[in-house]
Amino acid sequence: MPELPEVEVTRLGLLRKLKNKKCTGAVVRETRFRKPLRADLEELLFNQTLQDIKRRGKYLIWLFDRSALVTHLGMSGFYAGLPASRC
């Protein structure tokens with residue numbers, strides 16, 4: 001489980017690479033959540049520009065033009081295989 005400084009370093013690195021980029025798709029690698037994901041998640045995020053990434057504890061809050069996405073790094077402490085052109 002990543003510690004807060006590691007989450008902040010990850011946030012800053014992602015923001016530096018992805019800020020003002022358009023989202024071209026979404027990949028869900030884990031489906032066990034407290035609440036089900038929206039079926040139209042990829043459609044919702046498609047072609048939106050990432051404005052900012054905030055942090056609240058160990059959660060990252062991705063702020064897009066018209067929506068927001070809350071993610072957690074999980075036990076690994078990083079997002080595996082996240083190309084710069086995808087969200």
Side-chain angles (χ1 to χ4, degrees):
M1 181 76 66
E3 298 299 326
L4 292 177
E6 295 166 321
V7 177
E8 183 64 13
V9 167
T10 300
R11 181 190 79 81
L12 292 171
L14 288 169
L15 189 59
R16 186 176 57 243
K17 287 189 176 275
L18 299 175
K19 187 173 181 172
N20 297 321
K21 301 255 183 184
K22 294 231 183 240
C23 186
T24 61
V27 176
V28 178
R29 291 190 172 90
E30 180 59 64
T31 58
R32 295 174 293 163
F33 301 113
R34 284 179 232 158
K35 294 183 181 181
L37 285 175
R38 291 178 58 143
D40 64 342
L41 178 65
E42 185 169 9
E43 193 176 303
L44 176 72
L45 294 175
F46 183 75
N47 214 27
Q48 286 199 51
T49 302
L50 181 66
Q51 301 296 322
D52 200 1
I53 302 174
K54 301 287 187 183
R55 181 181 61 81
R56 179 73 173 175
K58 294 185 179 182
Y59 290 90
L60 294 180
I61 305 162
W62 302 64
L63 302 172
F64 292 92
D65 296 329
R66 301 175 307 279
S67 62
L69 180 68
V70 178
T71 61
H72 191 279
L73 295 173
M75 294 300 286
S76 67
F78 66 96
Y79 293 112
L82 180 70
S85 63
R86 293 184 65 86
C87 305

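Please read all numbers here as calculations on a predicted model, not as lab measurements. Starting from 1, each residue takes its place in the sequence as its number.
The side chain to side chain contact (heavy atoms under 4.5 Å, CB included) test with Thr10 singles out one residue from Leu14, Leu12, Val7, and that residue is Leu14. Partner of Cys23 under the side chain to side chain contact (heavy atoms under 4.5 Å, CB included) criterion, out of Asn47, Leu44, Leu45, Leu50: Leu45 alone.
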Mind running side-chain contact (heavy atoms from CB on, under 4.5 Å) on Val28 and Leu37 for me, showing each step along the way?
CA-CA 9 Å; Val28 178; Leu37 285 175; 3.4 Å; yes
Begin from the C-alpha positions of Phe64 and Thr49 and carry the test side-chain contact (heavy atoms from CB on, under 4.5 Å) through to its verdict.
CA-CA 6 Å; Phe64 292 92; Thr49 302; over 6 Å; no
Using the rule given for side-chain contact (heavy atoms from CB on, under 4.5 Å), can you reason through Arg11 versus Leu15, listing the C-alpha separation, both sets of side-chain angles and the distance that settles it, and then say yes or no?
CA-CA 6 Å; Arg11 181 190 79 81; Leu15 189 59; 3.8 Å; yes
How far apart are the C-alpha atoms of Lys58 and Leu73, what are their side-chain angles, what is the distance that settles it, and do they pass the side-chain contact (heavy atoms from CB on, under 4.5 Å) test?
CA-CA 7 Å; Lys58 294 185 179 182; Leu73 295 173; over 6 Å; no
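No donor-acceptor distance shorter than 3.5 angstrom exists from the side chain of Gln51 to the backbone of Asn20, with no hydrogens or angles considered. Put simply, the side chain of Arg16 never gets that close to the backbone of Leu18: no donor and acceptor are under 3.5 Å apart.
Side-chain atoms of Leu69 and Leu41, non-hydrogen and from C-beta on, do get closer than 4.5 Å to each other. Within the 4.5 Å cutoff, side-chain heavy atoms of Ile61 are placed close to those of Arg56.
Between atom CD1 of residue Ile53 and atom NZ of residue Lys17 there is a gap of 12.5 Å, rounded to the nearest 0.5 Å.
Val70 is not connected to Phe33 by any chain of hydrophobic side-chain contacts under 4.5 Å among Ile, Leu, Val, Met, Phe, Trp and Tyr, and they are in different clusters.
Nearest heavy-atom pair across Gln48 and Ser67 is NE2-OG, 3.1 Å.
The environment of Glu43 atom CD is sparse: at most 12 non-hydrogen atoms of other residues, nucleotides or ligands sit within 6.0 angstrom.
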